[in-house]
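These numbers were taken from a predicted model, which means no experiment stands behind them.
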Amino acid sequence: MSATVHHPNARAVARRMAVIDLGSNSFRLVVFSVGEAGWWKRTDELSESVRLGGDLGPGGELSPARMAHALETLRVFAAFCATNGIHSDQIEAVATSAVRDAPNGDEFVQRARRATGLPIRVLSQRDEAWFSYVAAVNQTTLRDGIVLDIGGGSLELVAVQERRARECASWPLGAVRMTDRFLAGDGPADPAAITALREHTLARLAEAPWVGDAGRDHLVGIGGAARNLATAAIRAAGLPLDSVQGFVLEPAALDALIDELAARPPSERERISGIKRGRAEVILAGAVVLRTVLEATGAPGIEVVEAGLREGLFLAGELADEELPLLEDVRHASVENLARQHGVDLVHAEHIAELADQLAGELPAVGLPAPGEPELLEAAAILHDVGMAVDYDDHHKHSSYLILGSGLPGFTPREVALVALMARYHRKGTPQLGAAAALCRDGDEQLLLRGAALLRLAEQLERNRDQAVHTARLRRDGDGVALELDADRDAVVAAWAARRQGDLFERAFGAPLTVVHR
């Protein structure tokens with residue numbers, strides 16, 4: 001990672017952008033802030049369940065009542081932007097399938113523009129799929145597979161090869177439309193209706209022959225229905241996750257949710273832990289469509305991301321100067337973005353990452369086991385001080401919950417937990433998985449112990465925050481290991497601080513440590 005100079009205004013906001021998504025189920029306004037140091041994040045949000053794609057007229061017309069609700073919501077959004085100093089050239093407002101497909105959709109857009117002054121444009125099917133692809137491919141490690149975006153009105157699938165969009169298709173299979181067509185009513189769902197919806201979805205997906213092959217290995221899902229179902233699956237499994245980012249929604253979990261949702265009337269579905277009130281009426285149809293996509297592709301699950309169409313619009317603008325709006329390395333970008341958000345001194349952090357990598361590379365030569373998964377140690381080294389943005393006292397604990405809360409796009413929930421725990425134990429304490437054990441696999445306790453020991457040692461070698469120690473080498477010294485330091489200037493503080501980590505090093509690697517400094 002390249003060095004970046006830390007400065008006192010690292011967390012200052014340079015500009016803001018609002019994205020308004022006029023979806024078939026919900027209208028949502030999201031504010032993104034871009035920092036002077038190059039970071040970005042979502043900093044505000046308004047949403048309203050408008051259900052514009054519901055109660056359509058006999059010819060597919062938007063209903064007067066739904067349009068009235070939609071216009072009132074847009075007036076609120078426009079007032080919010082004006083009050084917060086967000087001008088029209090800082091607003092992207094887009095309408096999707098409900099407006100695009102309705103005979104009176106253009107009339108509604110014209111009324112909305114006149115009433116609010118918002119620069120609303122209607123996305124084509126291809127553009128909607130494109131922005132969904134941009135969001136997914138920049139928030140995951142997807143190289144080959146399918147991006148799935150299910151909204152209230154439509155389902156978009158994009159085939160991805162070598163991170164490039166190769167094929168795309170859109171069908172009117174959104175949760176609102178499928179509810180109105182197959183699952184309307186106040187009682188529990190009719191099994192025959194669920195079967196009819198599944199068969200209808202399979203028949204439509206068969207229109208794109210590439211679907212069966214392209215998504216077999218990796219299926220990434222975005223959209224509110226996917227996120228809401230992932231949240232419910234996480235709650236049902238009792239997993240210690242606050243974010244759905246990177247969670248894989250597996251067929252068995254979807255089947256269980258479909259059974260539970262179908263057994264209840266729509267008014268009772270929000271009582272299922274994780275199901276949002278604004279989606280309870282239409283979430284069953286969304287779940288059936290998602291399960292059918294899994295059936296058609298043969299994928300082992302759907303990797304769910306927090307990002308959606310709105311992030312795709314934002315990132316496409318931020319990366320407009322690139323040949324394609326693609327981050328070169330999603331994992332690197334998400335780690336650095338979080339570090340910049342919280343004003344981390346990247347020169348200091350990156351030097352610690354380099355020293356930790358040196359130490360890990362030295363272990364095999366002296367007969368000691370390396371932690372494995374070096375990207376996790378590097379990420380923890382870069383992020384170990386993010387908690388300083390909260391307070392110095394207990395900043396290791398603050399770092400841990402900030403990392404966990406961020407989701408770290410490109411990393412799995414297990415990996416995020418391990419990065420957070422390595423950061424948690426970079427100062428003191430005995431590393432242990434705790435509640436994160438539910439996310440981990442065999443060997444992760446040792447991985448954490450060894451990674452935290454190396455991070456803590458590297459942190460102490462950079463205790464002066466002056467990059468004086470530039471090389472750390474290990475050599476066998478009888479039954480133990482000697483740590484030799486090469487420094488450009490006096491390294492007495494680094495050597496003193498490193499010696500104090502001997503107990504943890506021995507616990508992690510089974511060998512006593514001595515420190516030699518020249």
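- For the residue pair H395 / D385, a side-chain donor-acceptor distance below 3.5 Å is found, with atom types taken as modelled.
- Separating the NE2 atom in H384 from the OG atom in S400 is a distance of 13.5 Å, to the nearest 0.5 Å.
- Side chain of R264 to backbone of R269: no donor-acceptor contact under 3.5 angstrom is found.
- Residues satisfying the salt bridge (Lys or Arg N to Asp or Glu O under 4.0 Å) criterion with E415, sequence neighbours excluded, are R331.
- Remark: the backbone N or O of R16 is paired with a side-chain donor or acceptor of Q90 at under 3.5 angstrom.
- Of all non-hydrogen atoms in E260 and I272, the two that sit nearest each other are CG-CD1, 3.6 Å.
- Applying the ring-ring contact (aromatic ring centres under 6.0 Å, His included) rule to pairs touching residues 174-203 yields F182-H200, sequence neighbours excluded.
- With sequence neighbours left out, the salt bridge (Lys or Arg N to Asp or Glu O under 4.0 Å) criterion links R126 to no other residue.
- Between R15 and E318 there is a salt bridge, since a side-chain N of the basic residue sits under 4.0 Å from a carboxylate O of the acidic one.
- Residue pairs meeting the salt bridge (Lys or Arg N to Asp or Glu O under 4.0 Å) criterion with at least one member in residues 183-202, sequence neighbours excluded: R198-E295.
- Using modelled atom types, no side-chain atom of D242 and backbone atom of L404 make a donor-acceptor pair closer than 3.5 Å.
- Residue pairs meeting the salt bridge (Lys or Arg N to Asp or Glu O under 4.0 Å) criterion with at least one partner in residues 94-106, sequence neighbours excluded, are R100-E128, D101-R177.
- By the salt bridge (Lys or Arg N to Asp or Glu O under 4.0 Å) test, R310 pairs with D21, sequence neighbours left out.
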